[in-house]
Amino acid sequence: MVWNEEVTQKDVSAIAQEARAWRIAGRQRRDAPLATDTLVSGYKEYEKEYDRNFGAWVAGRLQLEDLAQEAVSQAAAVQPASIRRWSAELLRTLPALVAKVFCFFTVANSGESYTRLMQNKDTLWCGGSDDDGAMKIDNVLLKPHPTQVLTVLQMLGYGGKPGQLERQLMQIRTGEGKSLVLGACSVVLGLLGFRVRCVCYSQYLSQRDKALFADLFDAFRVRRLVTYSTISDYAGHSILRKGAICALSEALLRGETKPAAAHSQANSRATPRPESFQSSVGGFDDESMAVSESKTGNTANGVVREPEEILLVDEVDIFFGEDFYGKTYNPAVKLPEAAGLLRTVWRLRHSAGNRLLSDIKQSPEFRTILQSFPGWDEVIEREVQAMCADVLCFDDPKPHYDRGLDKLGYKVMDGISFDIHYGYRTAFA
């Protein structure tokens, strides 16, 4: 893990003074005051608690398991149950809570190397801060720098007033460690009893960042509450919470009052997958669907309510690019009756002039699907028109076929996505 060295060398007061804040109202952006003194004070409290815990670990007086348990107990005492009840007591607790999380991260990821170097320091050339040629043992520690700590405190509302946790859009420069900021916020919010969804545009980046904090999620008992995913998976999960949309849509098409057992069972596990345009059906992993199994939750009248969810979005600027902004998320259900019609469209794709649509409408397959779904003639004809348009440009964008996986994918940002489907073009490809 490499961070921008210029950032790690800056004084916390200088970093806080350089920070700028704005408040957006409608289309107006106005300068907003930033509680720099409060943030610097919070950082000093954090630093004191971090050093105390790290020193206790070095001296053998504190085990990582005990550090995590202290954080769990401390957070339980101030759990707000809602972002609308962000109390002064909670705010006072944040620096110490963040310090415990970051201290655990440091020890878990670099403590063994630090201990080994300390045991052999007499045989190493360990100079002072002015000796550039000497090995500085402390440099081996993966220790969060002031920018990261201040960002976490600000995101968690430490620079604000008690009342409600506000939405924020924050920017830090390349190399300043967004992954660590998001991971720490996820742990702290999980400790405070919230379900956390950390969203990114890239499956690779999402899984990488999740792996970085996997041990902490387990140690602090928040794994069931924290989910890393792409924006498309998040959209699919949000839809599923309101019902098995694919099964319900099929039931509507078939004139059923409720999904048939076979279709309902299949689609209740199905998740509409991403895309800019049209999606087939896939599934979630166990973790993303396991929130309800967590024992953490808000209790009212003896009833455990599902915790509130907080959304953390990484690489926000990407979502305002042409690949995402303004695109729709369209879950789809596979209809067995449509397979024959698709094959007919493909077979007739070379029909002369504008005859393709009329040739298809005269085919037995078209008549069969009209009979299977009475009353949906207009919808079916629109879909056939879409098939006719897509079959003529099925290789745009160019698909990527992976023989090993036997899957068709498309280039998305930094890799190939096997979740994205471009309407009927993907079916024809």
Colleague: Going by the rule side-chain hydrogen bond (donor to acceptor under 3.5 Å, both in side chains), which residues pair with Glu381 if we only count those two or more places apart in sequence or in a different chain?
Modeller: Lys361
Colleague: Which pairs count as side-chain hydrogen bond (donor to acceptor under 3.5 Å, both in side chains) when at least one residue sits in residues 21-33, sequence neighbours excluded?
Modeller: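 Listed once each, the pairs are Trp22-Asp31.
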Colleague: Restricting to salt bridge (Lys or Arg N to Asp or Glu O under 4.0 Å), what partner residues turn up for Asp218, sequence neighbours left out?
Modeller: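 Applying salt bridge (Lys or Arg N to Asp or Glu O under 4.0 Å) to Asp218 gives Arg223.
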Colleague: Under the rule for side-chain hydrogen bond (donor to acceptor under 3.5 Å, both in side chains), what residues qualify as partners of Thr106, not counting sequence neighbours?
Modeller: Tyr50
Colleague: By salt bridge (Lys or Arg N to Asp or Glu O under 4.0 Å), which residues pair with Arg241, not counting sequence neighbours?
Modeller: Glu309
Colleague: For Gln168, enumerate each residue passing the side-chain hydrogen bond (donor to acceptor under 3.5 Å, both in side chains) test, keeping only those at least two apart in sequence or located in another chain.
Modeller: Gln154
Colleague: Under the ring pair (Phe, Tyr, Trp, His ring centres under 6.0 Å) test, which residues partner Phe394, sequence neighbours left out?
Modeller: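 For Phe394, the residues satisfying ring pair (Phe, Tyr, Trp, His ring centres under 6.0 Å) (neighbours in sequence not counted) are Trp346.
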Colleague: Can you name the ring pair (Phe, Tyr, Trp, His ring centres under 6.0 Å) partners of Trp86, sequence neighbours left out?
Modeller: Phe194
Colleague: For residues 94-112, which residue pairs qualify under salt bridge (Lys or Arg N to Asp or Glu O under 4.0 Å), counting only residues two or more places apart or in two chains?
Modeller: Glu49-Lys100, Glu112-Arg116
Colleague: State which residues pass side-chain hydrogen bond (donor to acceptor under 3.5 Å, both in side chains) with Asp406; sequence neighbours excluded, sorted by chain then number.
Modeller: Tyr401
Colleague: Please identify each residue that fulfils ring pair (Phe, Tyr, Trp, His ring centres under 6.0 Å) with Phe102, with sequence neighbours left out.
Modeller: none
Colleague: Return the set of residues passing salt bridge (Lys or Arg N to Asp or Glu O under 4.0 Å) with Glu70 (not counting sequence neighbours), or none when no residue passes.
Modeller: none
